[in-house]
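First the structure, in the form of structure tokens, and then the observations on it.
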Amino acid sequence: MAQNRDRFSTTTRLRLLGEQTAARVYRSQTRRQARRSRLTGRAALLALVLCTLIVALAYPTRQYVSQRAEIAKLEEERDAARRRGEELRDLKARWKDDAYAEQQIRKRLHQLRPGETGFTVRGAASARRPDAGRPTADRPWYDILWEDVDTADEADRADAGRGAHAAARADAARADAAR
């Protein structure tokens, strides 16, 4: 009976409870340590492998992307050159047509057929047109050039004395008409 009494005594119960608690704490700590160390080792290895892969693939990936961008740019340039070539072929074919050639010669060089009279209208309305003030074909090229220089410089001369300039131009126009 002494054993029974010992078994149910408070001291014995507290001692047993303490031992059981200590055993549980010890077991949980060893389990946690085992899990942590095993997980930490795996995590470190996984991190090392991932970093190695990232470093190993970074440069080739960057090269791939830059080369793809360069290829796209070159393809765009090739397409533009192809379109330009087609436009030039079309333009060459148009120039072979006599009617188109004559139209362009009349428009660009201001050539006239025999018997036609060319007119150049000057003033505010003609200054807005891109072909305003174009000379006729009956004047020599150096007069046309000089007139273009005067026209371009007309804004500066207007401030310096427009009267003398206008008189000089009127004299030049009379000389051209006399020829």
Side-chain angles (χ1 to χ4, degrees), residues 39 41-179:
L39 184 63
R42 286 181 183 174
L45 182 62
L46 180 63
L48 180 65
V49 168
L50 286 176
C51 288
T52 304
L53 284 174
I54 289 171
V55 169
L57 295 177
Y59 183 73
T61 303
R62 184 177 57 149
Q63 290 291 63
Y64 174 77
V65 169
S66 67
Q67 287 174 357
R68 293 304 302 169
E70 186 176 351
I71 287 170
K73 184 181 120 194
L74 290 173
E75 285 175 348
E76 187 176 310
E77 288 177 8
R78 180 194 63 200
D79 293 341
R82 185 176 291 143
R83 284 191 303 271
R84 177 69 178 143
E86 291 172 2
E87 289 171 4
L88 290 174
R89 275 191 291 281
D90 292 345
L91 184 61
K92 182 180 176 183
R94 275 189 266 150
W95 274 102
K96 287 183 180 181
D97 181 26
D98 290 336
Y100 179 78
E102 182 180 346
Q103 176 192 16
Q104 291 300 313
I105 289 170
R106 286 171 166 265
K107 179 180 175 185
R108 294 180 183 191
L109 302 177
H110 303 283
Q111 295 289 319
L112 300 173
R113 289 184 163 209
E116 291 181 343
T117 304
F119 294 98
T120 302
V121 178
R122 296 183 184 246
S126 66
R128 283 184 245 126
R129 292 188 1 222
D131 61 343
R134 297 285 183 175
T136 58
D138 57 345
R139 295 174 50 198
W141 67 269
Y142 49 84
D143 283 340
I144 297 169
L145 176 67
W146 189 250
E147 183 181 43
D148 287 343
V149 170
D150 283 344
T151 303
D153 200 24
E154 192 171 289
D156 292 336
R157 292 185 186 199
D159 296 338
R162 203 162 204 311
H165 177 67
R169 288 189 75 188
D171 290 340
R174 279 189 229 114
D176 285 342
R179 287 187 206 182

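Other residues, nucleotides and ligands contribute at most 12 non-hydrogen atoms within 6.0 Å of the OH atom of Y64. A 6.0 Å sphere centred on CD of E77 holds more than 12 heavy atoms belonging to other residues, nucleotides or ligands. Heavy atoms of other residues, nucleotides or ligands lying less than 6.0 angstrom from CD of E76 number 12 at most. The environment of R84 atom CZ is sparse: at most 12 non-hydrogen atoms of other residues, nucleotides or ligands sit within 6.0 angstrom.
Shown here for Q111 and I105, the closest heavy-atom pair between the two residues is CG-CG2, 3.6 Å. Across every non-hydrogen atom of W95 and Q104, the tightest pair is CH2-CB, 3.3 Å. Scanning all heavy atoms of the two residues, the minimum distance from L112 to T117 falls at CD1-C, 4.0 Å. The two residues K107 and H110 make their nearest non-hydrogen contact at O-CE1, 3.5 Å.
Using a 4.0 Å cut-off between a side-chain N of Lys or Arg and a carboxylate O of Asp or Glu, R82 and D79 qualify as a salt bridge.
The CZ atom of R108 sits 10.0 Å away from atom CD of Q103, with the distance rounded to the nearest 0.5 Å. With rounding to the nearest 0.5 Å, the separation of CD in E70 from CD in E75 is 11.5 Å.
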Next item on the list: Kindly indicate, with the supporting measurements, whether the criterion salt bridge (Lys or Arg N to Asp or Glu O under 4.0 Å) is fulfilled by R106 and E102.
Entry: CA-CA 6 Å; R106 286 171 166 265; E102 182 180 346; 3.4 Å; yes

